[in-house]
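Before any comments, here is the structure.
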Amino acid sequence: PATRTDDLTEDERILHVLSRFTPGATPELVAEVRRKGINRWLKQQFSGRVPESETYENYSGQFKSLGMTLPEIAAGYYVRPEGTGPKKKQLTKEQKNVFKKRAATPTQEMMAWIFLRAVYGNNHVRNVSSDFFRNHFSVSISKGAVDRYVVGWEREIIHGQALGNFGDMLEATAKHPAMLFFLDNHLSRRPATPEELEKIARKVKKKTDSEERVEEAVELANQRGLNENYARELLELHTLGVDNYYTQKDVINVAKILTGWSMKKLRKQPGSPKGFYFFKNLHCEGNKPFLDGVIHENRENPLREGEELLEILKTHEGTAHYLSWKLCRYFVNDNPDRGMVGRVAGVFSKTGGDLPKVFQAIVDDPEFFSRRNYRAKFKRPYEFIVSVLRATRVEITNTKNINSIANKSQVLKAMNEPLYRCADPTGYYDQAEAWRDPGALAIRWTFVTDLVNGRIKGIRIPESFYDDLPEDNPR
């Protein structure tokens with residue numbers, strides 16, 4: 001446990017822990033932590049197996065897609081109406097609207113689930129960790145088919161592994177269709193050989209007898225080569241940090257190592273989703289220098305080259321330091337103490353990225369309860385909305401309207417933080433300077449005013465919330 005070197009009162013210490021390791025403090029939570037003690041409460045939270053509230057279970061149980069596998073979701077929501085398709089009759093306007101609405105359902109239910117967990121769930125540390133990693137491993141449903149895979153991504157990785165091991169999460173993201181598609185690694189392949197280009201040229205020439213079409217085909221084949229997008233973000237955003245330890249040559253070699261890491265349909269049925277698949281014929285051959293060593297060619301199982309790369313990154317001191325710095329920035333202060341970051345990084349390395357132990361190290365560090373870190377973090381729009389809903393004990397009159405707060409009402413969009421719509425792979429920033437724009441703050445005020453006055457459709461503040469107010473205090 002942390003050495004008591006601060007001047008925070010016991011209640012301030014409890015509020016500090018709850019403000020950083022829950023989506024928002026409530027009187028009930030303060031009483032619970034006061035009764036159990038901070039360390040015992042955290043130990044239960046780190047298990048990730050705290051029984052959920054009846055309210056949460058009742059609401060979340062209404063979302064059918066949450067319990068479905070990706071093939072089941074695809075069959076139930078993404079298959080076009082019978083007898084339609086590119087070579088058949090086009091959809092009518094009514095059919096298009098029905099199909100579009102049905103196809104959007106899994107993503108909408110997933111968004112609602114995120115809010116339900118945050119507002120009514122009891123596994124607070126898991127939910128806060130999910131929020132961190134949702135931005136650390138950021139993908140956007142605004143790009144192509146990512147929306148088809150984001151339900152499994154959130155459920156199995158972001159939520160499912162939020163209290164697991166960082167290395168396991170890293171590998172899961174590297175092999176998930178949502179990430180492969182978002183950062184274009186499914187397009188990355190070894191450059192075409194001169195022989196292959198010649199074969200393409202002969203084929204197009206024979207078919208079109210056009211030199212211009214031949215040049216276009218060869219140019220297109222050349223463009224379908226190495227793609228560095230995921231390789232760069234893997235190093236820069238997911239593990240080592242910007243320009244730490246690696247060079248541009250390392251980025252290129254990481255891209256070569258990960259050629260062939262792509263996707264393939266899980267089933268032959270129409271609308272079937274794609275899963276991770278390694279295409280050996282698209283993989284770059286040869287040894288690949290990386291950092292201070294070499295990842296040797298594995299002709300028998302070239303997939304192992306990428307897995308070896310991930311093992312190096314999982315255990316690298318740069319990854320431990322970069323992740324610890326980001327976590328301390330998220331949980332403690334926009335400018336975390338360097339000594340604290342170093343101590344947390346030591347625990348990260350020693351435990352192999354065991355997330356609950358890293359979180360415990362943050363709380364145990366003497367810097368955590370420093371007065372300068374008390375109330376030092378400024379809430380992002382998502383954090384603000386969730387904490388308001390929790391503090392007011394808001395009731396839902398229509399389950400779908402938790403999702404409307406995030407999307408249809410345009411509140412988070414107006415505040416520039418709609419869930420799963422950050423186009424930049426950095427994810428949304430967690431520093432105060434990114435969110436203190438006066439216009440965005442005005443939207444926060446409007447949201448609270450509308451909530452208190454009952455102008456947000458589908459939710460309401462219960463009368464019991466006002467019970468402790470003096471009779472002469474206007475509501």
Side-chain angles (χ1 to χ4, degrees), residues 132-146 149 153 157-158 166-167 169-191 222-263 276 278-279 282-295 302-303 305-326 329 353 420-430:
F132 173 83
F133 283 107
R134 195 175 297 120
N135 287 298
H136 183 75
F137 294 114
S138 181
V139 299
S140 173
I141 59 174
S142 299
K143 182 171 181 177
V146 173
Y149 302 102
W153 169 270
I157 300 178
I158 301 304
F166 173 76
M169 184 182 282
L170 178 68
E171 184 162 345
T173 61
K175 292 181 176 179
H176 198 281
M179 182 63 74
L180 290 166
F181 196 99
F182 181 60
L183 289 178
D184 304 315
N185 206 76
H186 71 297
L187 301 174
S188 188
R189 60 194 68 191
R190 62 171 176 76
N222 272 321
Q223 291 174 3
R224 291 174 177 167
L226 210 59
N227 189 301
E228 299 173 12
N229 285 358
Y230 177 61
R232 178 173 291 101
E233 309 309 353
L234 174 65
L235 302 180
E236 179 178 314
L237 301 178
H238 299 169
T239 55
L240 301 178
V242 182
D243 296 330
N244 288 332
Y245 299 93
Y246 66 92
T247 66
Q248 175 58 23
K249 288 184 179 179
D250 290 312
V251 173
I252 293 172
N253 283 326
V254 168
K256 289 180 179 179
I257 291 165
L258 295 175
T259 47
W261 285 48
S262 189
M263 309 181 288
F276 174 74
F278 178 72
F279 289 92
L282 302 181
H283 183 69
C284 289
E285 299 177 348
N287 297 333
K288 291 92 173 174
F290 178 62
L291 300 182
D292 296 326
V294 176
I295 292 183
L303 171 64
E305 295 175 23
E307 293 173 340
E308 184 181 341
L309 164 74
L310 293 177
E311 287 299 323
I312 292 171
L313 292 173
K314 291 175 189 178
T315 58
H316 197 282
E317 62 176 347
T319 299
H321 189 275
Y322 178 63
L323 262 293
S324 298
W325 171 73
K326 281 195 71 175
R329 189 182 70 183
Y420 276 114
R421 288 190 181 275
C422 184
D424 194 320
T426 56
Y428 293 116
Y429 295 108
D430 62 11

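The shortest heavy-atom contact between Glu228 and Val251 is OE1-CG1, 4.0 Å. Shown here for Ser262 and Leu180, the closest heavy-atom pair between the two residues is O-CD1, 3.4 Å. Across all their heavy atoms, Gly241 and Tyr246 have their closest contact at O-CE2, 3.2 Å. Across Leu282 and Thr259, no two heavy atoms sit closer than the pair O-CB, 3.5 Å. Closest non-hydrogen pair, Cys422 versus Gly427, comes out as SG-C, 3.6 Å. What you find for Trp153 and Ala178 is that their closest heavy atoms are CE3-CB, 3.8 Å.
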Does the side chain to side chain contact (heavy atoms under 4.5 Å, CB included) test come out yes or no for Ser138 and Leu237, once each step is laid out?
CA-CA 10 Å; Ser138 181; Leu237 301 178; over 6 Å; no
Trace of the side chain to side chain contact (heavy atoms under 4.5 Å, CB included) decision for Leu240 with Tyr322:
CA-CA 6 Å; Leu240 301 178; Tyr322 178 63; 6.0 Å; no
Just do the side chain to side chain contact (heavy atoms under 4.5 Å, CB included) check on His316 and Thr239 with the steps written out, would you?
CA-CA 9 Å; His316 197 282; Thr239 55; over 6 Å; no
Mind running side chain to side chain contact (heavy atoms under 4.5 Å, CB included) on Asp184 and Tyr230 for me, showing each step along the way?
CA-CA 7 Å; Asp184 304 315; Tyr230 177 61; over 6 Å; no
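Side chains of Tyr420 and Arg134 form a contact here, defined as non-hydrogen atoms less than 4.5 Å apart. The shortest side-chain heavy-atom distance between Leu170 and Leu234 falls under the 4.5 Å cut-off. Between His186 and Phe276, the closest side-chain pair of non-hydrogen atoms is not below 4.5 Å. No side-chain heavy atom of Ile157 sits less than 4.5 Å from a side-chain heavy atom of Phe137. For the pair Asn229 and Pro425, the minimum side-chain heavy-atom distance is 4.5 Å or more.
Leu303 CG to Leu258 CG: the interatomic distance, rounded to the nearest 0.5 Å, is 10.0 Å. Atom OH of Tyr149 is separated from atom NE2 of His176 by 9.5 Å, given to the nearest 0.5 angstrom. Of the inter-residue distances, the one linking Arg189 atom CZ with His283 atom NE2 reads 14.5 Å to the nearest 0.5 angstrom. Asn253 CG to Leu309 CG: the interatomic distance, rounded to the nearest 0.5 Å, is 10.0 Å. Distance check, rounded to the nearest 0.5 Å: CG of Leu291 to OH of Tyr245 gives 10.0 Å. The CD atom of Glu307 sits 3.5 Å away from atom NZ of Lys175, with the distance rounded to the nearest 0.5 Å.
Between the side chain of Asp430 and the backbone N or O of Arg329, no donor-acceptor pair lies under 3.5 Å. At distances below 3.5 Å, at least one donor-acceptor pair connects side-chain atoms of Thr319 with backbone N or O atoms of Leu313.
Ion pairing between a basic and an acidic side chain is recognised when a charged N comes within 4.0 Å of a carboxylate O; Arg232 and Glu236 show no such pairing. With salt bridges taken as basic N to acidic carboxylate O contacts below 4.0 Å, none links Lys288 and Glu308.
Under the side chain to side chain donor-acceptor pair (under 3.5 Å) criterion, Lys314 pairs with Glu171, Glu311, sequence neighbours left out. Lys249 pairs by the salt bridge (charged side-chain N to carboxylate O under 4.0 Å, His left out) definition with nothing, not counting sequence neighbours.
At most 12 heavy atoms of other shown residues, nucleotides or ligands fall within 6.0 angstrom of atom OH in Tyr429. Within 6.0 Å of CD on Glu285 lie no more than 12 heavy atoms contributed by other residues, nucleotides or ligands.
In this structure, His136 and His238 have tilted ring planes: the angle between them lies in the 30° to 60° band.
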